[in-house]
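Lettering follows sequence order; numbering is per chain, from 1. In this text the structure is predicted, and so the values were computed from the model without any measurement.
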2 protein chains.
Amino acid sequence: MEFFNKVGKVALGSRLRLMTAIITDDAAKIYESYGMHFSPKWFPVFYTLMNEKEITITEIATEIGHSQPSVSKIIQEMIATGLVEESLKSSDKRRNIVGLTAQGWEFSKELKLQLNDVEAAVDGLISESSHNLWAALEEWEHLLEQKTLFKRVNEQKKLRESKDVKIVPFESQYLEAFKTLNVEWISTYFEMEEADYKALDNPKEYILDKGGKIFVALYQNEPLGVCALIKMNDSEFDFEMAKMAVSPKAQGKNIGFLLGQAIVNSAREQGAKKIYLESNTILKPAINLYYKLGFQKVFGLPTPYKRCNIQMELKI
Amino acid sequence: MEFFNKVGKVALGSRLRLMTAIITDDAAKIYESYGMHFSPKWFPVFYTLMNEKEITITEIATEIGHSQPSVSKIIQEMIATGLVEESLKSSDKRRNIVGLTAQGWEFSKELKLQLNDVEAAVDGLISESSHNLWAALEEWEHLLEQKTLFKRVNEQKKLRESKDVKIVPFESQYLEAFKTLNVEWISTYFEMEEADYKALDNPKEYILDKGGKIFVALYQNEPLGVCALIKMNDSEFDFEMAKMAVSPKAQGKNIGFLLGQAIVNSAREQGAKKIYLESNTILKPAINLYYKLGFQKVFGLPTPYKRCNIQMELKI
DNA sequence: TACATTTGCATAACTAGTTATGTAATTGAT
DNA sequence: ATCAATTACATAACTAGTTATGCAAATGTA
């Protein structure tokens, strides 16, 4: 298909569907040419019955990776042709234990011959090709089980968008953003407190003039994230990371991580030994982010905030 | 899937279907996470419209390898969401020329970003795997175009069944088979002639005693094919291959070829220089077989048979 | 110029799967 | 012992494709 070369690998799904159609169409012809009245879609179920002798419908479904209704329908069709019988001995009347009939067993002998031929043909195809389709499918099942395509694409998205994020030092034009972004999330999850208003209304006095820093994340030149590095009173070398806020509409762009990195780098440049932070465990993505940045839980330090129920520290 | 390892490569179709389902399920999630109201199945059509600007439904169908009704339905769905408009200028009123709306073009910009992410994710998967699924699919499309799976399986069947075919010299117990197998095909396509009855009723006198041979093909100990090598009157070293007959129920087991080989080998052992045969061009599989055995057309020799319209010869 | 054939498309009916739902039988918890 | 929860299954309704069919428009041909 010329089309696939044009579109590129995003059409993987379409290409797979086409190949599936080609193969199953031929499968139907193959059964016919062997004089077998057998639908290709019956195969996984029939094969399972050949090996398991007696088994319930749900067991077959999990074995072959189909839905239970799918197996249910297939079994009904095979009963109609006389290959399978149902309601075999079971004390549990919900369960429908099915197995092959004498005719089914007879048929399985013919089927085995055909399977050998098909297997040989597929092996031939594999040996003629330099890329092993069968092995590739097996490998992809594995890789996608470990991390879905969805997750992989989202990682790419984050990566791309984080390239458009610029972390810049605070300027007076970002005064409003610094306050509104913080008020937004704090008042969503908690109540604004006295200490919040102090820092958000007067960042110059409470943060910058005391030797702290504020960083702003710009996405397409709009300030969508902020975070402060505040010098702690007790020690020359201790800082607090606080007032991190990212706009909900900019979530998933890695902004939190980039701000955190900027904070840590800045602290390091200033010769910091420790960075401390306070948070609340209901903010799960934030806590995960802090761990990712290298923070560890600590206990028992005093705090002015009611909402604080977890304290963390990063030793530099 | 444990199942596929048990079953082996005959389940290729099932495995492909499962992988297709996994990929398209994730595709739907991906569009959703980008905030796009877009169904994955629309993609090939939409992509074509992005590149072709204006195009008819049938043209799209051939381009992307779908059926025309499939494209017809997809276009209707996309018109309903406002991405596509139809009935664009055309003097031919049967044709429905479709193209993207302004909204469609707007959407295509977003889509391109997403496509980059997907392509990067798929490339990532390919580089993580040792078997390239994308390349394998492309290769298989090619290989199956050249020779379908159906044909490949049939070749394997022939190969297997020809192993169960034994070619043995004539014995008196095969007298009846020699006649009935020949009468069967001759009277199907032509009329029995005087010369037929002579040879079929008295093979000893007319064939064997004159230094000829008859071979019988046994499949599961049943005589299902016969063929004679007859010494020609004019020369010590010339033979005729005649009275080849294979039962219709044993077709496709390579029996004709095996009989032909036996005849040729026997002639060679007796020091033959030429083998001659007579046939009719309506018997296409037979003529093909003779070519396969190495026979070439010759012209103008006398023959007692009305049904003969082609004469062939193999020089040894 | 008339009429048969071909073309382009929509619609209907089918296929092989899915999810959602209802029901009877069994199991578990008080 | 009773009642809620779970389980096994069938059935219904949906999805994404297919082939079959019918109709109107265009083309080809005598």
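Ring-plane geometry between B/Trp42 and B/Phe38 is classed as perpendicular, the angle between the planes exceeding 60 degrees on a 0 to 90 degree scale with a lower cut at 30.
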Shorter than 3.5 Å, N or O on both sides, protein versus nucleotides 1-5 of chain C: list them out with atom names.
none

Between the protein and nucleotides 17-20 of chain D, which nitrogen or oxygen pairs are less than 3.5 angstrom apart?
from, atom 1, to, atom 2, distance (Å)
D/dG17, OP1, A/Arg17, NH1, 2.8
D/dG17, N7, B/Lys73, NZ, 3.3
D/dG17, O6, B/Lys73, NZ, 3.3
D/dT18, OP2, B/Ser67, N, 3.2
D/dT18, OP2, B/Ser67, OG, 2.7
D/dT18, O4, B/Lys73, NZ, 3.1

For nucleotides 26-29 of chain C, give me every protein contact, N/O to N/O, under 3.5 Å, one pair per line with atom names.
from, atom 1, to, atom 2, distance (Å)
C/dT26, OP1, A/Ser91, O, 3.1
C/dT26, OP1, A/Lys93, N, 2.9

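Rounding to the nearest 0.5 Å gives a distance of 10.0 Å between CE of B/Met78 and NZ of B/Lys41. With rounding to the nearest 0.5 Å, the separation of CD in A/Glu86 from CD1 in A/Ile57 is 7.0 Å. Remark: A/His66 NE2 to B/Arg17 CZ distance equals 6.5 Å, nearest 0.5 Å.
Residues meeting the side-chain hydrogen bond (donor to acceptor under 3.5 Å, both in side chains) test with B/Lys151, sequence neighbours left out: none.
A straight line from CG of B/Asn96 to P of D/dA25 spans 14 Å, rounded to a whole angstrom. Nucleotide D/dA16 holds its C1' atom 15 Å from the OH atom of B/Tyr31, rounded to whole Å. When rounded to the nearest whole Å, the span between CD1 of B/Ile60 and P of C/dG8 equals 13 Å. Straight-line distance from the CD atom of A/Glu77 to the C1' atom of D/dA10: 14 Å, rounded to whole Å. If you take CZ of B/Arg95 and C1' of D/dT27, they are 14 Å apart, rounded to a whole angstrom. One can place CD1 of A/Ile79 at 12 Å from P of D/dC9, the figure rounded to the nearest angstrom.
Of the possible polar contacts, one joining the B/Asp26 side chain to the A/Leu149 backbone as a donor-acceptor pair under 3.5 Å is found.
Mapping B/Ser39 and A/Ser72 onto DNA chain D via the closest heavy atom, the residue that lands nearer the 5' end is A/Ser72. Each of A/Pro40 and B/Gln76 has a nearest nucleotide on DNA chain C; the 5'-most of these lies closest to B/Gln76.
A salt bridge does not link B/Glu184 to B/Lys249: none of the charged side-chain nitrogens sits closer than 4.0 Å to a carboxylate oxygen.
Residues B/Leu144 and A/Ile23 approach most closely at CD1-CD1, 4.0 Å, considering heavy atoms.
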Using a 3.5 Å cut-off and no angle test, enumerate the donor-acceptor pairs between side-chain atoms of residues 126-137 of chain A and protein atoms at least two apart in sequence or in another chain.
from, atom 1, to, atom 2, distance (Å)
A/Ser127, OG, A/Asp123, O, 3.4
A/Ser127, OG, A/Gly124, O, 2.9
A/Glu128, OE2, B/Arg152, NH1, 2.8
A/Ser129, OG, A/Leu125, O, 3.0
A/Ser129, OG, A/Ile126, O, 3.0
A/Ser129, OG, A/His131, O, 3.4
A/Ser130, OG, B/Glu139, OE2, 3.0
A/Asn132, OD1, A/Trp134, N, 3.0
A/Asn132, OD1, A/Ala135, N, 2.9

Please table the atom pairs, donor to acceptor, closer than 3.5 Å between any side-chain atom in residues 98-111 of chain A and protein atoms at least two apart or in another chain.
from, atom 1, to, atom 2, distance (Å)
A/Thr101, OG1, A/Gly82, O, 2.6
A/Thr101, OG1, A/Leu83, O, 3.1
A/Thr101, OG1, A/Gln103, N, 3.4
A/Thr101, OG1, A/Gly104, N, 3.0
A/Ser108, OG, A/Trp105, O, 2.6

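Using a 4.5 Å heavy-atom cutoff, the side chains of A/Ile75 and A/Leu49 are in contact.
If you check every strand for non-hydrogen atoms under 4.0 Å, A/Thr56 touches sugar and phosphate atoms only.
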